[in-house]
Peer 1: 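Dropping a structure here in structure tokens format, bear with me for questions.
Keep in mind it's a predicted model, so treat the numbers as computed, not measured.
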Amino acid sequence: MTRTEQLTRQGEAEVKSGGRWLALCVLVLAVLLVAVDATVLGLATPSLSEDLEPSGTQLLWIGDIYSFVIAGLLVSMGSLGDRIGRKKLLLIGATAFGAVSVLNACATSPEMMIAARALLGVAGATLMPSTLALIRNIFHDPKERSLAIGVWGATASAGAAVGPVVGGALLQHFYWGSVFLINLPVMAVLVVVGVKLLPESKNPVAGPWDLPSVGLSLIGVIGVVYAVKEVATHGVTPAVGATAVLGAGALYAFVRRQFTLGAPLLDMRLFKHRGFSGAVLADLLTVFGLSGLVFFLSQFLQLVQGRDPLEAGLAELPAAIGAVATGLLAGRYARRYSVRVIVSGGLAAIGLALGALTLLHKESGYPLLGAALLVVGLGAGFSFTVTADVILSSVPKEQAGSASAVSETAYELGAALGIALLGSIVTGVYQGFTAPASVPAPVADAAHESLGGAVEAGRMLDPQTAGAMVGAAQDAFVDGLRFASGVGAAVLLATAAAAWFLLRGQELQDGVEH
């Protein structure tokens, strides 16, 4: 027996003895780390915009470069964890994530902020696949695993709730960079405790890590997503066309290469499983419909309705509460009513809630927004938890890292595309507003860059003119938000219908694995 097999069996024995739930507590800290970081950025956007003065395009890049990079590297990192050890990769990634968070907090220009977010994506790509893969290897009872995945998803939702509230409290008293520093204590606990509690696991016959495949995956995903973003924002140009061709070509070469390798970075045969493919598609399009809207929601609450950062964070709590509640119950209900009923029902609920947001306007009371966010959370908790369970259950545990990475890639790719396309819809509609004729051209140009830019530019004008310009900008922003909500609703309802057919006959496991 090799040393690796001895360590793996020893780790499994320790976890089976009762430590698996303690190990899960450590794993969810990593999830909390990523979730908090993602949500506090949206809340800090107005303050960040005022300090760094990014253009509208730079602001979008600050929002989505993290998702671009993490999506491009997730498959590679998931496969790396299968090879070198998921625990080792998780602890290295957590340490790097904390260190790069400090760099984000110290950014002094839009360009530096974009670069820091990209580096954070590199570190973040090691975390999520490692946590799900370890859950797949720690919990051999499918019902226990479903509950563990529910806790995993609920923690991500709780992080989405804790992030805005804690971030809002920090923004009341400190500068915007402080919201990134809250990652440090979580990272420290994760690393110190994880060294002792987490068992190591890896694929003993995974083969070498193929660096050409890593490069093709990264170039392909980033190239395609960047091209989509630029087409949505600026239309088709020769440079964008060349980028799209490069990205698509790299992805094609990546897929072809996987079929020729004895130990592929990603086993493409996984996609022949209809349940696996349907779950991945549901994840991608669900996040696509949600992410662009959520990215701009904090700006609506603060810059349109005039809420302070803490109040805005508290206003977003219903979505997290709903996701936590249903995430813990999703596996049980999927076994009782069927996978496709729960997933399709969750997706449809999100779609209907986004449709309700097309009624939003500047003076909308909180009940409409709060109810819509609660329904979004309930639907997401059901859908995300069950699809993650389906994806992990569809593969042998030795390939858990690669399968988890596919799930997370769909999530991050959907987030990047959602921010790029739906965010571009909001930005495109917003930039069409007409400033008062008395506003100087340079001030009007600055106001058209972003809503935060309009509020800042208004400080250079007399109160009456500033009020008219900012009011017009707010109206245009809300129009864009309503339009994007409608597009998101259509995407989610179509995805619900597709999931109904793709997940036909799919069931969660019941028997204990040996």
Peer 1: With a 4.5 Å cut-off on side-chain heavy atoms, are Leu461 and Pro436 touching?
Peer 2: no

Peer 1: Considering only heavy atoms from C-beta outward, does the side chain of Phe300 approach that of Leu481 to under 4.5 Å?
Peer 2: yes

Peer 1: Parallel under 30°, tilted from 30 to 60°, perpendicular over 60°: which one fits the rings of Tyr430 and Phe433?
Peer 2: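 Plane angle between 30° and 60°, so tilted.
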
Peer 1: Return yes if some donor-acceptor pair links the side-chain N/O of Thr358 with the main-chain N/O of Gly355 below 3.5 Å, else return no.
Peer 2: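 Yes; at least one donor-acceptor contact below 3.5 Å.
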
Peer 1: Between Thr465 and Val439, is any pair of side-chain heavy atoms under 4.5 Å apart?
Peer 2: yes

Peer 1: Decide yes or no for Leu27 and Trp152: does some side-chain heavy atom of the first lie under 4.5 Å from some side-chain heavy atom of the second?
Peer 2: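 SC-SC contact between Leu27 and Trp152 ruled out.
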
Peer 1: State which residues pass side-chain hydrogen bond (donor to acceptor under 3.5 Å, both in side chains) with Tyr366; sequence neighbours excluded, sorted by chain then number.
Peer 2: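 Tyr366 satisfies side-chain hydrogen bond (donor to acceptor under 3.5 Å, both in side chains) with no residue once adjacent residues are dropped.
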
Peer 1: Calculate, to the nearest 0.5 Å, the distance between atoms OG and CG belonging to Ser338 and Leu503 respectively.
Peer 2: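 That separation rounds to 9.0 Å.
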
Peer 1: Would you mind reporting whether Val304 and Gln299 have side-chain heavy atoms less than 4.5 Å apart?
Peer 2: no

Peer 1: Suppose we screen for side chain to side chain contact (heavy atoms under 4.5 Å, CB included). Which residues come up paired with Leu218, at least two apart in sequence or across chains?
Peer 2: Leu73, Ile222

Peer 1: Got a sec, which pairs hit side-chain hydrogen bond (donor to acceptor under 3.5 Å, both in side chains) with one end in residues 378-391, sequence neighbours left out?
Peer 2: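 Sorted pair list: Ser146-Asp389, Asp283-Thr387, Asp389-Ser393.
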
Peer 1: Any ring-ring contact (aromatic ring centres under 6.0 Å, His included) involving residues 451-486? Give me the pairs, sequence neighbours left out, ordered by first then second residue.
Peer 2: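 Found Phe296-Phe477.
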
Peer 1: Output all residues satisfying side chain to side chain contact (heavy atoms under 4.5 Å, CB included) with Leu373, sequence neighbours left out; order by chain, then residue number.
Peer 2: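 Leu373 satisfies side chain to side chain contact (heavy atoms under 4.5 Å, CB included) with Leu297, Pro318, Ala319, Leu369 only.
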
Peer 1: Just jot down the side chain to side chain contact (heavy atoms under 4.5 Å, CB included) partners of Met460, sequence neighbours excluded, or say none.
Peer 2: Val443, Ala457

Peer 1: In Å and rounded to the nearest 0.5 Å, what is the CG to CG distance from Leu451 to Leu59?
Peer 2: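 CG of Leu59 is found 10.5 Å from CG of Leu451.
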
Peer 1: Taking only residues two or more places apart in sequence, or in another chain, which ones meet Phe384 in a ring pair (Phe, Tyr, Trp, His ring centres under 6.0 Å)?
Peer 2: Tyr411

Peer 1: Hey, what do you get for CZ (Phe180) to OG (Ser101), rounding to the nearest 0.5 Å?
Peer 2: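 If we round to the nearest 0.5 Å, Phe180:CZ and Ser101:OG are 7.5 Å apart.
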
Peer 1: For Glu456, enumerate each residue passing the salt bridge (charged side-chain N to carboxylate O under 4.0 Å, His left out) test, keeping only those at least two apart in sequence or located in another chain.
Peer 2: Arg459

Peer 1: Please, which pairs that meet salt bridge (Lys or Arg N to Asp or Glu O under 4.0 Å) have at least one residue in residues 353-366, sequence neighbours excluded?
Peer 2: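 Qualifying pairs, neighbours excluded: Lys362-Asp475.
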
Peer 1: Could I get the full list of salt bridge (charged side-chain N to carboxylate O under 4.0 Å, His left out) partners for Glu111, not counting sequence neighbours?
Peer 2: none

Peer 1: So, using salt bridge (charged side-chain N to carboxylate O under 4.0 Å, His left out) as the criterion, who are the partners of Arg482 when residues are at least two apart?
Peer 2: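 Arg482: salt bridge (charged side-chain N to carboxylate O under 4.0 Å, His left out) contacts with Asp479.
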
Peer 1: Side chain to side chain contact (heavy atoms under 4.5 Å, CB included) with Ala253: which residues, sequence neighbours excluded?
Peer 2: Leu216

